[in-house]
Asker: 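Before anything else, here's the structure in question.
Indexing begins at 1, ligand by ligand and atom by atom, following the structure's order.
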Amino acid sequence: MNDKLFQERIDAEKKIEPKDWMPEDYRKHLIRQISQHAHSEVIGMQPEGNWISRAPSLRAKMILLAKVQDEAGHGLYLYSACETLGISREELVKQLHDGKAKYSSIFNYPTLSWADMGAIGWLVDGAAIVNQVSLQRTSYGPYARGMVKICKEESFHQRQGYEIMAEMAKGTPEQKAMAQDALNRFWWPSIMMFGPQDSDSPRTGNAMKWKIKRQFNDELRQNFIDQTVGQAEVIELIIPDKDLKWNQQREHYDFGEMDWVEFWSVVNGNGPCNKQRLDHHKKAHDEGEWVRNAAKAYAKKQELVAN
Ligand code: BYC
């Protein structure tokens, strides 16, 4: 196998599996993207975990608990998919702690009210689905199969978030104001989840050539905006973008300019909660060392018994 034959396999829509030959740059690109995705799922547990003990009802608490557990599961699928590329979980976590691996910018914003649980489910999981539906067709088999499972759960997450927003939007004036405030704070960071504009996205060229990404960042961002505007109208909340307008000619919504300075600042580690999120992860990782040691010792004992 060589680069040319590999590309022919990709162009023929054949999946690449762990033991198949692959160019070193393809392997590295996947490790980077899948691990960043896994870290996003796991770090993403923090802003919502913040509200489990303050959920307004037992039903709301149970749903939020289940959702946060789902995110941990998504992280595990993705770390496992990444490990098939010949890198260990320890090394992946080390890259996160050393600041070499990123995670989604969205999780560096604080969750200030219960309505933020609605905004995250509706917008953040909504954006994640738009991105991940296209990743179900990614060229690397384990990543594609992981995405199929993850997308099913994200759909439930999106609906639970939208339900919270809809309930609050038709509640008391104070509740409606909380829902609007959450939308105001989470709208632009959610739009930023899709990454830089295509003209400023160094990874897109190879990602598209190797069919790791199946759609461009801007295309996905537009899809998300197009599908979300109507949902906001139904629950009578206002999207905080004065330039948002249906363009009959394009058959898409036009929208305002994102704050790219803020975007890169958050991506590069200087967002409102970057330090807090990483410190918390490091602390939890250190405190969990005895669990990992116990699991390893148990696995070793089982191996000795088997032999
Ligand atoms: N945040 O050339 P580009 C979830 C980085 S979580 C941070 O366009 P690429 C959930 C990018 O990594 C779902 N970093 O890169 C969990 C690259 O940095 P490096 C998260 C960003 O990779 C809990 C550089 O900027 N989803 O579902 O082609 C609760 C240049 O960018 C961001 C995924 O991770 C950003 N927003 O495209 C609720 C999906 N944007 O590596 C929900 C998988 C860009 O060169 N990932 N960067 O140092 C992807 O699809 C792609 O990685 C991205 C970026 C679209 C994010």
Side-chain angles (χ1 to χ4, degrees), residues 28-51 64 66-75 77-78 81-82 95-96 98-109 111 116-136 138 140 143-144 146-147 150-151 153-158 160-161 186 188-210 212-221 224 258 260 262-271 274 277:
K28 283 194 186 141
H29 192 115
L30 277 172
I31 290 178
R32 182 192 60 84
Q33 178 165 328
I34 302 175
S35 69
Q36 291 184 187
H37 195 164
H39 298 324
S40 302
E41 299 281 356
V42 170
I43 296 276
M45 294 164 72
Q46 291 184 41
E48 290 178 299
N50 184 32
W51 281 89
L64 186 60
K67 178 181 191 291
V68 174
Q69 281 179 349
D70 284 352
E71 311 299 357
H74 298 174
Y77 301 155
L78 289 162
C82 205
Q95 288 180 357
L96 172 70
D98 292 348
K100 282 194 197 126
K102 297 188 167 76
Y103 57 88
S104 183
S105 49
I106 188 73
F107 303 117
N108 293 308
Y109 292 85
T111 44
D116 290 7
M117 299 304 97
I120 289 185
W122 175 33
L123 302 174
V124 177
D125 286 273
I129 296 171
V130 169
N131 186 322
Q132 290 167 185
V133 161
S134 89
L135 289 174
Q136 291 180 113
T138 191
Y140 189 56
Y143 193 22
M147 279 301 118
I150 290 175
C151 280
E153 292 175 354
E154 299 290 22
S155 303
F156 153 70
H157 295 172
Q158 195 270 353
Q160 68 82 35
F186 274 92
W188 290 105
S190 301
I191 301 295
M192 292 177 190
M193 285 175 71
F194 295 95
Q197 285 170 307
D198 299 335
S199 54
D200 201 18
S201 164
R203 304 290 191 178
T204 290
N206 277 342
M208 295 300 275
K209 178 179 87 174
W210 288 323
I212 292 174
K213 286 207 294 205
R214 303 305 306 252
Q215 284 179 281
F216 291 97
N217 295 357
D218 287 330
E219 196 183 351
L220 292 164
R221 190 175 358 255
F224 170 71
M258 275 166 41
W260 294 107
E262 175 180 325
F263 171 76
W264 287 114
S265 163
V266 180
V267 166
N268 290 321
N270 302 313
N274 291 62
R277 300 291 185 237

Asker: For atom 32 (C) of ligand 1, what is the closest protein heavy atom, and at what distance to 0.1 Å?
Answerer: Phe263 CZ, 3.9 Å
Asker: Between Leu220 and ligand 1, which part of the residue brings a heavy atom under 4.0 Å of the ligand: side chain, backbone, both or neither?
Answerer: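 The answer is neither; Leu220 stays 4.0 Å or more away.
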Asker: Flag Glu48 as yes when one of its N or O atoms lies below 3.5 Å from any N or O atom of ligand 1, and as no otherwise.
Answerer: no
Asker: Working note: His157 + Glu154, criterion side chain to side chain donor-acceptor pair (under 3.5 Å); need CA distance, chi angles, decisive distance, verdict.
Answerer: CA-CA 5 Å; His157 295 172; Glu154 299 290 22; 3.0 Å; yes
Asker: In terms of side-chain geometry, is the basic nitrogen of Arg221 or Asp218 positioned less than 4.0 Å from the acidic oxygen of its partner?
Answerer: yes
Asker: Quick one: which of Pro202, Gly205, Ser40, Ser201 has a heavy atom closest to atom 30 (C) of ligand 1?
Answerer: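 Ranked by closest heavy atom to atom 30 (C) of ligand 1, first place is Pro202.
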Asker: Which value, rounded to the nearest 0.5 Å, describes the distance between Arg32 atom CZ and Gln95 atom CD?
Answerer: 11.5 Å
Asker: Check contact between His74 and ligand 1, using heavy atoms of the residue and a distance below 4.0 angstrom.
Answerer: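 For ligand 1, residue contact (heavy atoms, under 4.0 Å) with His74 is absent.
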Asker: Is Tyr103 close to Arg277 at the side-chain level, that is, under 4.5 Å between some pair of heavy atoms?
Answerer: yes
Asker: State the atoms of ligand 1, each with its element, that fall below the 4.0 Å cut-off from a heavy-atom position in Val124.
Answerer: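 This gives 38 (C), 42 (C) as the contact atoms.
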Asker: Would you mind reporting whether Ile191 and Phe263 have side-chain heavy atoms less than 4.5 Å apart?
Answerer: no
Asker: Numbering the atoms of ligand 1 from 1, which are under 4.0 Å from a heavy atom of Ala128?
Answerer: 27 (O)
Asker: Write out the residue and atom name of the closest protein heavy atom to atom 19 (P) of ligand 1, then the distance separating them to 0.1 Å.
Answerer: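 Its nearest protein heavy-atom neighbour is Lys102 NZ, 3.5 Å.
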Asker: Identify, by atom number and element, the atoms of ligand 1 in contact range of Gly195, meaning under 4.0 Å from any of its heavy atoms.
Answerer: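 Within the 4.0 Å cut-off of Gly195, ligand 1 contributes 40 (N), 44 (C).
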Asker: So Gln33 and Arg203, do their side chains get closer than 4.5 Å, heavy atoms only?
Answerer: no
Asker: Verify side-chain contact (heavy atoms from CB on, under 4.5 Å) between Val266 and Met192, making sure each step is shown before the conclusion.
Answerer: CA-CA 10 Å; Val266 180; Met192 292 177 190; 6.0 Å; no
Asker: Could you list which atoms of ligand 1 come closer than 4.0 Å to a heavy atom of Phe194?
Answerer: 55 (C)
Asker: Between Met192 and ligand 1, which residue portion shows a heavy-atom distance shorter than 4.0 Å: side chain, backbone, both, or neither?
Answerer: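 Looking at Met192 and ligand 1, just backbone atoms fall under 4.0 Å.
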Asker: Among Gln33, Lys213, Gln215, whose heavy atom sits nearest atom 9 (P) of ligand 1?
Answerer: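 Considering heavy atoms of Gln33, Lys213, Gln215, the nearest to atom 9 (P) of ligand 1 sits in Lys213.
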Asker: Taking heavy atoms and a distance under 4.0 Å, where does Tyr143 meet ligand 1: side chain, backbone, both or neither?
Answerer: side chain
Asker: Measuring only between side-chain heavy atoms, which start at C-beta, is Tyr143 closer than 4.5 Å to His37?
Answerer: yes
Asker: Residue-level breakdown please: for Asn131 versus ligand 1, do any non-hydrogen atoms fall below 4.0 Å on the side chain, on the backbone, on both, or on neither?
Answerer: side chain
Asker: So which of Ser105, Ser104, Gly269, Gly75 gets nearest to atom 36 (N) of ligand 1, if we judge by its closest heavy atom?
Answerer: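 Going through Ser105, Ser104, Gly269, Gly75 one by one, Ser105 has the nearest heavy atom to atom 36 (N) of ligand 1.
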Asker: Report, as yes or no, whether the 6.0 Å neighbourhood of atom CZ on Phe216 holds more than 12 heavy atoms from other residues, nucleotides or ligands.
Answerer: no
Asker: Do me a favour and list the nearest non-hydrogen protein atom to atom 10 (C) of ligand 1 with residue, atom name and distance?
Answerer: Phe107 CZ, 3.5 Å
Asker: Minimum heavy-atom separation for Thr138 and Ile212, please, with both atom names.
Answerer: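 That closest heavy-atom pairing would be OG1-O, 2.7 Å.
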Asker: For ligand 1, note which part of His157 has a heavy atom under 4.0 Å away: side chain, backbone, both or neither.
Answerer: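 Neither; nothing of His157 gets under 4.0 Å from ligand 1.
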Asker: Once you restrict to heavy atoms under 4.0 Å, what part of Glu71 touches ligand 1? Side chain, backbone, both or neither.
Answerer: side chain
